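These figures come from a predicted structure and were not determined experimentally.
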Amino acid sequence: MSAKQAAAPDVSLPEVPAQDAPAAAPRRKTQKSAKAPARRGRPPLSPEIYLETGGRQYNLTDIVERVKADYRLTHKVGVQSCKIYIKPEDGAAYYVVNKVEGKLDL
């Protein structure tokens with residue numbers, strides 16, 4: 001060290017007292033859009049359910065779709081509720097869709 005560096009006064013900035021700065025504003029959460037992004041990949045699983053009785057096999061998913069189609073033939077209101085009663089010994093499916101009864105031959 002040289003003599004000038006050792007004798008040089010310490011030149012530092014004076015401390016500034018803390019001012020009444022507004023408190024840091026809380027971070028805003030980013031709002032996600034109401035619509036979820038489209039799922040990519042496989043579509044949701046829709047199981048196929050079968051009923052085997054009396055040597056016959058019935059696809060229950062197919063019966064549900066047939067019941068809805070049969071109801072829509074005579075009614076324009078969408079399906080709000082659907083109950084299906086399958087009676088294999090009669091070879092029929094009885095249904096109640098939106099409080100409307102019907103019968104579908106299997």
Side-chain angles (χ1 to χ4, degrees):
M1 280 193 208
S2 70
K4 287 185 180 181
Q5 287 178 349
D10 185 22
V11 181
S12 61
L13 297 174
E15 288 187 29
V16 178
Q19 297 178 355
D20 293 331
R27 291 186 178 180
R28 294 182 186 171
K29 293 181 181 179
T30 57
Q31 293 181 356
K32 294 183 180 180
S33 63
K35 187 177 179 183
R39 275 185 80 181
R40 294 187 181 158
R42 294 184 177 177
L45 177 66
S46 59
E48 291 185 31
I49 304 171
Y50 295 93
L51 171 68
E52 291 186 11
T53 182
R56 298 203 52 195
Q57 182 180 29
Y58 303 100
N59 182 342
L60 299 182
T61 309
D62 182 47
I63 293 173
V64 171
E65 292 304 315
R66 288 178 52 202
V67 163
K68 289 180 183 179
D70 188 52
Y71 172 78
R72 287 187 200 118
L73 288 175
T74 56
H75 298 83
K76 294 185 180 184
V77 179
V79 176
Q80 303 297 319
S81 66
C82 180
K83 293 181 183 179
I84 303 171
Y85 305 91
I86 299 173
K87 201 166 180 185
E89 58 270 8
D90 290 349
Y94 300 93
Y95 64 87
V96 179
V97 176
N98 297 347
K99 298 182 182 179
V100 176
E101 297 178 359
K103 177 183 174 185
L104 182 69
D105 292 326
L106 300 175

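- Across every non-hydrogen atom of R66 and D105, the tightest pair is NH2-O, 2.7 Å.
- Y94 and V97 are not part of a single hydrophobic cluster, where members link through side-chain heavy atoms under 4.5 Å apart.
- Interatomic distance, L106 CG to D62 CG, rounded to the nearest 0.5 Å: 9.5 Å.
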Side-chain polar contacts of residues 50-58 - donor-acceptor pairs under 3.5 angstrom, sequence neighbours left out - could you list them?
from: Y50; atom 1: OH; to: E48; atom 2: OE1; distance (Å): 2.5
from: E52; atom 1: OE2; to: Q57; atom 2: NE2; distance (Å): 3.4

What side-chain donor-acceptor pairs closer than 3.5 Å can you find for residues 72-86, not counting sequence neighbours?
from: T74; atom 1: OG1; to: Y71; atom 2: O; distance (Å): 3.4
from: H75; atom 1: ND1; to: Y71; atom 2: O; distance (Å): 3.4

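- Other residues, nucleotides and ligands contribute over 12 non-hydrogen atoms within 6.0 Å of the CD atom of E89.
- When all heavy atoms are compared, the tightest approach of Y95 to K103 is CE2-N, 3.6 Å.
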